[in-house]
Amino acid sequence: MSVSNEQNNEVVAVDENHVIAERREKLKAIRETAKLNGSVAFPNDFKPEHQAAALHAEFGGFDNEVLDPKALHVSIAGRMMLKRVMGKASFATVQDSTGRIQLFISKDNLTDTNSEAIYDAFKHWDLGDIIAAKGVLFKTKTGELSVKVSELRLLTKSLRPLPEKFHGLQDQEVKYRQRYVDLIVSEETRATFIARSKVVSAIRSFMLENQFLEVETPMLHPIPGGASAKPFITHHNALDMQMYMRIAPELYLKRLVVGGFERVFEVNRNFRNEGLSVRHNPEFTMMEFYAAYTDYLWLMDFTERCIRTAAIAATGSAVLQYQGRELDLSKPFQRLTIVGAIQKYAPQYTLGQLNNADFLRAEILKFGTKPFDHAGLGALQLALFEETAESQLWEPTYIIDYPVEVSPLARASDINPEITERFELFVCGREIANGFSELNDAEDQAARFHAQMKAKEAGDHEAMYYDADFIRALEYGMPPTGGCGIGIDRLVMMITDSASIRDVILFPHMRAEA
RNA sequence: GGGGCGUUAGCUCAGCUGGUAGAGCAGCGGACUUUUAAUCCGUUUGUCGUGGGUUCGAUCCCCGCACGCCCUACCA
């Protein structure tokens with residue numbers, strides 16, 4: 001054919017190694033044999049009726065005296081992970097989505113007319129091939145439940161070799177970039193993502209049980225809002241307008257509360273155009289919920305129960321181990337004010353100092369952080385908290401009394417207008433959740449947006465935009481409401497004892513491959 | 001964005017402060033009818049991440065770049 005085709009072949013060749021080349025040759029032979037037999041190289045007519053884990057659970061406890069008379073016929077399929085050929089008899093370990101089971105394959109037991117050819121073909125099948133078997137359950141000499149195979153088929157030829165069978169996949173980069181390989185060979189990785197699924201479904205059930213309505217709000221926003229963060233910017237061609245990937249669903253969910261959905265929640269992705277770290281992925285999952293006629297005190301109780309429920313659903317216990325240290329989610333979560341937390345974890349500061357803006361400003365500079373120019377006392381206290389106390393909050397702790405100036409969507413305290421009815425939940429030194437009594441005074445909200453715009457003009461790139469439609473919605477009247485967002489990835493990190501957010505995201509963001 | 005460490009066969013890893021590379025697994029050939037990372041015999045495979053520099057000579061020393069991991073910063 002053409003030049004381009006030759007180029008393609010060259011590209012393939014660069015990626016090839018002799019192992020892959022051997023396998024391609026085997027596949028070629030398989031195709032030819034299939035053609036002669038009127039069959040196909042990639043059949044899809046085999047339907048397994050059993051799975052490894054269930055077979056072990058149901059029959060693993062019996063010995064051959066029980067199993068033999070039953071003559072339990074099973075059919076299974078999966079990836080061949082181990083193969084031990086010993087002349088005329090062989091063992092192969094097959095892995096399906098539930099676990100592994102061993103096959104015992106001997107020419108004598110194969111019922112097919114050309115059993116010799118099938119057995120010889122099997123000897124050349126590779127680790128990683130998807131195979132299917134039918135046979136009878138029995139126990140080997142060493143007591144392992146196995147299938148004495150009467151029918152054996154190759155369903156899918158695998159062209160690429162798996163990682164080394166004992167050490168598995170060690171290269172972090174490959175684990176992230178080629179998660180499919182990681183999942184094939186790492187039980188631990190599979191367990192992490194199964195736990196993640198359990199966490200999410202437990203949270204969903206918990207919300208539904210508490211009369212919340214699950215909703216989906218836009219991911220593409222004309223005005224980014226609901227958080228202080230840099231958005232990804234994109235463009236809608238037909239409308240010829242700039243759009244933003246959402247940084248938070250908050251303003252839409254509150255519009256729904258205005259609309260009369262008094263309890264709503266959404267579990268989905270937020271996108272923030274910021275740095276990557278062991279705790280940050282550009283897209284991350286939030287469970288955000290709003291409940292009319294509740295406040296931040298109610299939210300703290302509710303969030304606590306929600307997290308505890310999720311942990312138990314995923315691990316069976318509310319007492320966990322995180323990075324070698326016990327994490328007890330069963331006890332009531334602590335509550336501390338920002339100043340209280342500093343006093344507890346950095347007792348060198350006096351109350352007088354903590355209420356002295358000039359002192360705080362100077363102290364924060366010592367930590368190498370520059371507080372923003374117009375930071376008030378509350379913001380300075382918060383900055384010092386972040387430097388001194390935050391990372392020490394191992395046991396679940398709600399920090400309360402966030403200053404108004406850093407909480408533009410939260411309801412101010414009736415007692416002290418400088419602070420809001422807001423909390424953040426810290427566990428293992430990390431922020432896990434953020435919630436507050438919602439600001440439902442449309443005029444106050446408009447004034448807060450104006451203040452944010454001023455901050456933006458003054459150079460605060462993360463200050464919020466003025467969202468006129470959101471103000472309009474509030475002007476129709478939003479009932480008093482409490483709302484909270486839980487960072488699902490970080491919660492799953494905690495519950496699965498994962499050190500990096502990338503370990504709990506199936507396909508974490510990576511730089512383009514070299 | 002700043003700092004540290006890393007990159008050697010398909011995989012897991014060795015490689016002596018410089019003489020162009022090894023092991024195990026996988027593969028290929030052979031033996032073997034109860035193995036468990038099967039075993040035993042034989043055997044193939046490398047732009048030593050990449051581009052420069054120093055040197056008679058570089059996987060090794062120096063510099064740049066790419067990618068990765070960790071710490072740090074912004075943040076959830």
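Numbers restart at 1 for each chain; the letters A, B, ... are given by sequence-line order, proteins then strands. Values below: all heavy atoms of this structure, side chains included; hydrogens, waters and symmetry mates excluded.
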field: Closest to side chain of A/D126, choosing from B/C28, B/U12, B/C69
entry: B/C28

message: My understanding is that only residues two or more places apart in sequence, or in another chain, count here; which of them pass ring-ring contact (aromatic ring centres under 6.0 Å, His included) with A/F385?
response: A/F426

statement: A/D129 meets the salt bridge (charged side-chain N to carboxylate O under 4.0 Å, His left out) criterion, sequence neighbours left out, with A/K157

- request: Indicate, with a heavy-atom threshold strictly under 4.0 Å, whether A/N281 touches base, sugar-phosphate, or nothing.
  value: base

message: Can you give me the dot-bracket string for RNA chain B, 5' to 3', counting Watson-Crick and G-U wobble pairs with both distances under 3.5 Å, using [ ] for crossing pairs and | for partners on another strand?
response: (((((((..((((.....[..)))).(((((.......))))).....(((((..]....))))))))))))....

task: Please work out if A/I486 contacts a base, only the sugar-phosphate, or nothing of the nucleic acid, heavy-atom cut-off 4.0 Å.
output: nothing

Might you list the N or O atoms of the protein lying below 3.5 Å from N or O atoms in nucleotides 31-35 of chain B, with each pair's distance?
| residue | atom | partner | partner atom | Å |
| --- | --- | --- | --- | --- |
| B/C32 | N3 | A/V85 | O | 3.4 |
| B/C32 | N3 | A/G87 | N | 3.0 |
| B/C32 | N4 | A/G87 | N | 3.3 |
| B/U33 | OP2 | A/K88 | N | 3.4 |
| B/U33 | N3 | A/D108 | OD2 | 3.2 |
| B/U33 | O4 | A/D108 | OD1 | 3.3 |
| B/U33 | O4 | A/D108 | OD2 | 2.2 |
| B/U34 | O2' | A/K141 | NZ | 2.9 |
| B/U34 | O2 | A/K141 | N | 2.9 |
| B/U35 | O2' | A/R84 | NE | 3.1 |
| B/U35 | O2 | A/R84 | NE | 2.5 |
| B/U35 | O2 | A/R84 | NH2 | 2.7 |
| B/U35 | O2 | A/Q102 | OE1 | 3.2 |
| B/U35 | N3 | A/Q102 | OE1 | 2.9 |
| B/U35 | N3 | A/Q102 | NE2 | 3.0 |
| B/U35 | O4 | A/Q102 | NE2 | 2.8 |
| B/U35 | O4 | A/T140 | OG1 | 2.7 |

Output a table of nitrogen or oxygen pairs between the protein and nucleotides 45-47 of chain B separated by less than 3.5 Å.
none

task: Could you tell me whether A/M510 contacts a base, only the sugar-phosphate backbone, or nothing, with contacts defined as non-hydrogen atoms closer than 4.0 Å?
output: sugar-phosphate

message: Applying a 4.0 Å non-hydrogen cut-off, can you work out what A/G485 is touching in the nucleic acid: base, sugar-phosphate, or nothing?
response: nothing

- request: Sort and list the pairs that fulfil salt bridge (charged side-chain N to carboxylate O under 4.0 Å, His left out) and have at least one residue in residues 497-507 of chain A, not counting sequence neighbours.
  value: none

message: Taking the P atom in each of B/G10 and B/U44, what is the distance between them to the nearest angstrom?
response: 16 Å

Residues which pass ring-ring contact (aromatic ring centres under 6.0 Å, His included) with A/F284, listed by chain and number, not counting sequence neighbours: none

message: What's the separation between atom CG in A/L152 and atom OG in A/S115, rounded to the nearest 0.5 Å?
response: 11.0 Å

field: salt bridge (charged side-chain N to carboxylate O under 4.0 Å, His left out) partners for A/R305, two or more places apart
entry: none

query: Contact class for A/R100 (heavy atom, under 4.0 Å): base, sugar-phosphate, or nothing?
result: nothing

- request: Assign A/D171 to base, sugar-phosphate, or nothing according to its heavy-atom contacts below 4.0 angstrom with the strands shown.
  value: sugar-phosphate

message: For A/F302, give me all partners under ring-ring contact (aromatic ring centres under 6.0 Å, His included), at least two apart in sequence or on another chain.
response: A/F206, A/F212, A/F289, A/W298

- prompt: Can you list every pair that meets salt bridge (charged side-chain N to carboxylate O under 4.0 Å, His left out) and has a residue in residues 104-113 of chain A, with sequence neighbours left out?
  reply: A/K107-A/E116

message: Just to be sure I understand the rule, does A/T93 reach a base, reach only the sugar-phosphate, or reach nothing, if contact means heavy atoms closer than 4.0 Å?
response: nothing

field: Among B/A26, B/C70, B/G68, the nucleotide that comes nearest once only the side chain of A/L127 is considered
entry: B/A26

Pairs: protein N or O with nucleotides 20-22 of chain B N or O, under 3.5 Å:
none

query: Is there any salt bridge (charged side-chain N to carboxylate O under 4.0 Å, His left out) pair reaching into residues 142-151 of chain A, and which pairs are they, with sequence neighbours excluded?
result: none

- prompt: Which of these nucleotides, B/C11, B/C74, B/U12, is closest to any side-chain atom of A/E462?
  reply: B/C74

